[in-house]
2 protein chains.
Amino acid sequence: MDKPIADFGDSTDRQSAHSALTQLRAFIAQKDVDADPRLPPERELCDSLGVSRGELRKALAVLEAEGHLWRHVGKGTFVGQRPLEDSADISTLASQTNPSEVMRTRLLLEPLLAREAAMNATSGDIEEMRLCLRRSRQAETWRQYENWDNHFHRAVAQAARNTLLLGLFDTLNTVRRAVVWGRLRPNLKAPSPDHHSFAEHEAIATAIENRDLDGASRGMRQHLESVARKLENRGDEL
Amino acid sequence: MDKPIADFGDSTDRQSAHSALTQLRAFIAQKDVDADPRLPPERELCDSLGVSRGELRKALAVLEAEGHLWRHVGKGTFVGQRPLEDSADISTLASQTNPSEVMRTRLLLEPLLAREAAMNATSGDIEEMRLCLRRSRQAETWRQYENWDNHFHRAVAQAARNTLLLGLFDTLNTVRRAVVWGRLRPNLKAPSPDHHSFAEHEAIATAIENRDLDGASRGMRQHLESVARKLENRGDEL
DNA sequence: CATTCGATCAATCAGGAATTGGTTAGACCA
DNA sequence: TGGTCTAACCAATTCCTGATTGATCGAATG
């Protein structure tokens, strides 16, 4: 309990370098890391162990390199593995990715969602999707159309009946909007009356309604590919 | 500009209920919502419009039900669509989902990641995966094995070379750990020397190395199915 | 009976003070 | 000359306090 941890402070200079590391290891071993993985601040610790801060920091650096602890300014020093960066942070994700990646990710994720939707959709889900289609046809501005288009895609995701997957979709969607926000949209005036997307949306909804797994997946993939092709020609929307 | 908005305050009592709503609508219409979608606090607003707070809140409730504005305690009242809840919030996701959903989501996402990895992995990625396999074989405790198992799966995700997809994987992974944390792990003592997972991991890595898209996807799916089957029998790990 | 007003609550935000790992410069010693 | 210690400062983070703000309840009011 009150084992001497600072009593080695007067060891020979030649061994002092080892001493700091050894004492630190002893201190960690003696500590109940499960209860509180946090180490005392450096200024306290170097005082407790009777070593200078520089030497303590050298020892800490060794243990950090070994992966036994991790440090962060303002937070402290902790025993254990460094927690993975909070990748859920939208702004971080948005800053690391690019429109091409977003499109590729949509092409991977959304057909999969459509397939799950075909398997699990309730009648309410299908009704919601139908509503989105009607509204998107009635849209008078491009903004409104976009809005209902987004609603449709989310309705499909919701129909997959998997809250976690829906959460991932929402994250993707948020990132997509964050990424695309910086870009200008040249032809905002066009309300886009016919639009090939209508038929594609219709096909997806019908496939989901008919429990046609492959059809729903394929329909979504073709729809997104068509969108991707369109924005390759003129780089506006995503 | 200084159009009268509070001048209707002395209208007949019979119309006062409408008055609050009408005045509120007028106020919002007159406001430049794009510049600042935030409405003044209720206490100010009901004073400006010359209506009681209760009546104002009724009107606000109507407009909120119509989807024209959204409110939140401590934040204020805002014109426009309610921003979708920060679904990146791990704790929220974790509280809404369950182990079964997590497993199903893994079964959907990770084979897809393995396929992408087979397409895009660099030699460094493959080296990293191999390292994880060696370390997981050398593991002396189950905890260590779990650790390197996680590392392997993340290495695969990283090999997909899509930062956004990697971010989604990390989110899924974090949620998984959060969900599984509440559960007890009965046989922590077993270090698990042979373990069928070794061969499965090996097959995945080899398929990725050989650019065998279907093989990588299939291998990952089979591996996860085997894990799922195992924890169906005894409900410990995820 | 409905409305209004006041008080209170809980969530949120804003600001500053304190904490903490990281860094640098100078003193000190061998 | 080279290494070490000390002090000070920096930047990121946390903690605390007070003020805002929507939500809610109760008494007064008419």
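Computed from a predicted structure; not experimentally measured. Naming: A, B, ... by sequence-line order, numbering from 1 per chain.
The shortest heavy-atom contact between Gln158(B) and Asp125(B) is O-OD2, 4.4 Å. When all heavy atoms of Gln23(B) and Leu49(B) are compared, the closest pair comes out as OE1-O, 2.9 Å. Contact detail for Ala139(B) and Tyr145(B): the closest heavy-atom pair is CB-N, 3.5 Å.
Salt bridge annotation for Arg71(A)-Glu64(A): present, with a cationic side-chain nitrogen under 4.0 angstrom from a carboxylate oxygen. Between Arg25(B) and Glu66(B), at least one side-chain N (NZ, or NE/NH1/NH2) sits under 4.0 Å from a carboxylate O, which counts as a salt bridge.
Atom CZ of Arg43(A) is separated from atom P of dA7(D) by 12 Å (rounded to the nearest Å). Summarising the geometry, the separation between CG on Leu56(A) and P on dT20(C) is reported as 14 Å, rounded to the nearest angstrom. Taking atom CG on Leu60(B) and atom P on dT24(D), their separation rounds to 14 Å, with Å as the unit. Here dT20(D) presents its P atom at 14 Å from CZ of Arg53(B), a figure rounded to the nearest Å. Taking atom CG on Asp47(A) and atom C1' on dA7(D), their separation rounds to 15 Å, with Å as the unit.
Judged by distance alone, with hydrogens and angles left aside, the side-chain atoms of Lys31(B) form a donor-acceptor pair with the main-chain N or O of Arg38(B) at under 3.5 Å.
Contacts with DNA chain D (heavy atom under 4.0 Å) in residues 31-41 of chain B: Arg38(B), Pro41(B), listed by number. Within residues 69-79 of chain B, the residues approaching DNA chain C are His72(B), Val73(B), Gly74(B), Lys75(B), by heavy-atom distance under 4.0 Å.
Which of dG21(C), dT4(C), dC5(D) sits closest to the side chain of Arg57(A) comes down to dG21(C). Looking at the side chain of Glu55(A), the nearest of the listed nucleotides dT21(D), dC5(D), dG21(C) is dC5(D).
Residues that satisfy the salt bridge (Lys or Arg N to Asp or Glu O under 4.0 Å) test with Arg57(A), not counting sequence neighbours, are Glu42(A).
Annotation: the span from Arg161(B) atom CZ to Glu101(A) atom CD amounts to 10.5 Å, rounded to 0.5 Å.
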